[in-house]
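This one's a predicted model, so the numbers in the text were calculated from it and none came from an experiment.
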Amino acid sequence: MDPLTRIREICLALPESSERLSHGVPTFFVRTKTTFTMFTGGHYDEPGPTIWCPAPPGVQADLIDAEPERFYRPPYVGHRGWLGIRLDVDPDWVELAAIVRDAYRVVAPKKLAALLD
């Protein structure tokens, strides 16, 4: 299965999530308003497919320090704590699903985020 299909399955399984193009890339939203994951297929000078998503405070730096070959600070949104994740470096889909769920929790209204517990 290609990476976008896997990411789409993970994102659209979350409560009141939707997908549409934003900035030319598939982007996933909570209630069609707030972005929680962007899929970039090499659009921003990345070497391959990646996702960008908001991370809980401190997580971005920890993951980048631990595995800089997989995690990076994406352009435009990295300064706000968003995390870039390369999907061409042996993706751990269970871990990626957890990262996407955490991103959803960061931006979703509390009632929707509580549905994940």
**OP:** Would you indicate whether the side-chain heavy atoms of S17 and R31 approach each other to under 4.5 Å?
**Re:** no
Original post:
Quick one: which of L4, T27, V25 gives a side-chain contact (heavy atoms from CB on, under 4.5 Å) with F39?
Top reply: L4
Original post:
Between R86 and T50, is there a donor-acceptor pair closer than 3.5 Å when you use the side chain of the first and the backbone of the second?
Top reply: no
**OP:** Ignoring hydrogens and angles, tell me if any N or O in the side chain of T34 forms a donor-acceptor pair with the backbone of T32 under 3.5 Å.
**Re:** no
Subject >> F29 six-ring centre to R20 NZ/CZ under 6.0 Å and within 45° of normal >> reply: yes
Original post:
Considering only heavy atoms from C-beta outward, does the side chain of D102 approach that of V59 to under 4.5 Å?
Top reply: no
**OP:** Ignoring hydrogens and angles, tell me if any N or O in the side chain of E19 forms a donor-acceptor pair with the backbone of P26 under 3.5 Å.
**Re:** no
Original post:
Between F28 and L14, is any pair of side-chain heavy atoms under 4.5 Å apart?
Top reply: no
**OP:** Work out which heavy atom in R73 is nearest to a heavy atom in I64; give both atom names and the distance.
**Re:** N-CD1, 3.4 Å
Original post:
Which atoms form the tightest heavy-atom contact between P3 and P49, and what is the distance?
Top reply: CG-CG, 4.2 Å
Subject >> Least distance between heavy atoms, A97 atom then I10 atom >> reply: CA-CG2, 3.8 Å
Subject >> salt_bridge(D117, R105) N-O dist < 4.0 Å >> reply: yes
Original post:
Any idea how W52 and Y76 line up, ring-wise: parallel (<30°), tilted (30 to 60°), or perpendicular (>60°)?
Top reply: tilted
Subject >> Side chain Q60, main chain L83, donor-acceptor under 3.5 Å >> reply: no
**OP:** Determine the minimum heavy-atom distance between I85 and Y72, stating which atoms define it.
**Re:** N-CE2, 3.8 Å
Subject >> Ionic contact status for E95 with R70, cut-off 4.0 Å >> reply: yes
Original post:
Any chain of hydrophobic side-chain contacts (each under 4.5 Å) joining V89 to I99?
Top reply: no
Original post:
Which atoms form the tightest heavy-atom contact between L116 and P15, and what is the distance?
Top reply: CD2-CD, 3.7 Å
